[in-house]
Amino acid sequence: MASANISYQILEAAIEGLKYWEEDKYSVDDYLDTLLRDDDSIRKTVTSILFTYFRNKATIDEIIKSLTDILDPELRRVLQITLTQAYYQNGIAAESAANVAVEYTKYNFHLRHVGFINAVLRNALNINPVEFMNSLSKKYKKKIFPELTRRWNYTLGAESAK
């Protein structure tokens, strides 16, 4: 039971970190340093999840987009973090990550969202992310996602991102 509680806390913290980054409230480093400074074990895991997500953002977001086209940003974050854990992390089994996400959804969203999150995650777990990306066109694979380009331009100046 204790590990389920920690898994829930990790999911919650990672979703919150992604939210802060998307809303430009904090950089990921600032979020991790400021809001998670008192719990080093959770901080390390959340750091790994968030940076793994950013490295694999295009794949994860395209898989989500292939499964659903209408998604509230908060529910999308649940899927993004859970799929990062399921596809790229070895600290939690993919099915367990999905179960934690369903529990998280049950307590933080309307009950109708629980079945939706469960269905999308179960379908996503049947997708191999490498095969999925290989099936996309070469033109798409060369495209850098707009959020990163925007942040590079902001941080480094427009000339640096060219």
Side-chain angles (χ1 to χ4, degrees), residues 1-23 26-29 31-32 35-36 39-137 140-148 151:
M1 188 64 173
S3 66
N5 186 28
I6 290 171
S7 296
Y8 187 95
Q9 290 173 9
I10 289 167
L11 176 65
E12 187 173 50
I15 290 169
E16 192 69 13
L18 184 55
K19 178 181 177 182
Y20 277 100
W21 179 81
E22 287 178 347
E23 294 177 355
Y26 290 101
S27 72
V28 174
D29 287 332
Y31 168 73
L32 294 167
L35 301 178
L36 293 178
D39 196 333
D40 198 44
S41 63
I42 289 179
R43 183 185 190 284
K44 287 177 183 177
T45 304
V46 170
T47 300
S48 175
I49 292 167
L50 289 173
F51 288 120
T52 300
Y53 167 71
F54 293 127
R55 279 192 300 276
N56 297 285
K57 184 179 187 327
T59 302
I60 292 168
D61 289 351
E62 279 303 310
I63 289 172
I64 292 169
K65 196 162 74 171
S66 77
L67 296 170
T68 182
D69 58 352
I70 302 173
L71 194 57
D72 174 85
E74 293 183 18
L75 293 172
R76 179 181 37 78
R77 287 183 205 109
V78 173
L79 294 173
Q80 289 167 320
I81 296 301
T82 303
L83 291 179
T84 299
Q85 291 179 293
Y87 290 150
Y88 303 106
Q89 302 277 297
N90 59 13
I92 186 169
E95 295 78 13
S96 296
N99 290 339
V100 172
V102 168
E103 286 300 309
Y104 176 86
T105 304
K106 189 183 299 183
Y107 292 108
N108 290 283
F109 298 97
H110 193 277
L111 196 55
R112 72 175 184 262
H113 295 117
V114 175
F116 170 77
I117 289 292
N118 188 47
V120 172
L121 286 173
R122 299 302 168 189
N123 286 325
L125 293 181
N126 291 320
I127 295 172
N128 178 310
V130 173
E131 290 174 9
F132 180 85
M133 287 307 282
N134 287 338
S135 72
L136 296 178
S137 72
Y140 173 79
K141 288 191 261 187
K142 291 182 180 179
K143 184 173 134 183
I144 297 176
F145 52 94
E147 296 91 353
L148 182 57
R151 285 180 181 266

Does any part of the side chain of [Y], heavy atoms only, come nearer than 4.5 Å to the side chain of [X], both counted from C-beta?
| X | Y | result |
| --- | --- | --- |
| Val114 | Phe109 | no |
| Phe54 | Ile49 | no |
| Asp72 | Phe116 | no |
| Asn123 | Val120 | no |
| Leu11 | Gln85 | yes |
| Ile63 | Tyr87 | yes |

**OP:** Go through the side-chain N and O atoms of Thr84 and Gln89 and say whether any donor and acceptor fall under 3.5 Å apart.
**Re:** no
Original post:
Are Glu103 and Tyr8 close enough that a side-chain donor and a side-chain acceptor fall under 3.5 Å?
Top reply: no
Looking at every heavy atom in both [X] and [Y], which two are closest together, and how far apart are they?
| X | Y | answer |
| --- | --- | --- |
| Thr82 | Ala97 | CG2-O, 3.5 Å |
| Leu125 | Ala86 | CD2-CB, 3.5 Å |
| Ala14 | Leu50 | O-CD2, 3.5 Å |
| Val130 | Asn128 | N-OD1, 2.9 Å |
| Ile64 | Arg76 | CD1-O, 4.3 Å |
| Gln80 | Asp61 | NE2-OD1, 2.8 Å |

Rounded at 0.5 Å granularity, tell me how far [atom1] in [X] sits from [atom2] in [Y].
| X | Y | atom1 | atom2 | answer |
| --- | --- | --- | --- | --- |
| Ile10 | Thr45 | CD1 | OG1 | 4.5 Å |
| Ser7 | Asn99 | OG | CG | 10.5 Å |
| Asn118 | Lys106 | CG | NZ | 9.5 Å |
| Gln9 | Glu16 | CD | CD | 13.5 Å |

Is the side chain of [X] donor-acceptor paired with the backbone N or O of [Y] at a distance under 3.5 Å, no angle test?
| X | Y | answer |
| --- | --- | --- |
| Asn56 | Thr59 | no |
| Asn126 | Arg122 | yes |
| Asn108 | Tyr104 | yes |
| Ser96 | Ile92 | no |
| Thr47 | Arg43 | yes |

Subject >> Cationic N near anionic O, under 4.0 Å, Arg77 to Glu22 >> reply: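 Looking at Glu22 together with Arg77, the answer is yes, because their closest N to O distance falls below 4.0 Å.
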Subject >> Single hit among Ile60, Ile117, Thr105 for side-chain contact (heavy atoms from CB on, under 4.5 Å) with Leu79 >> reply: Ile117
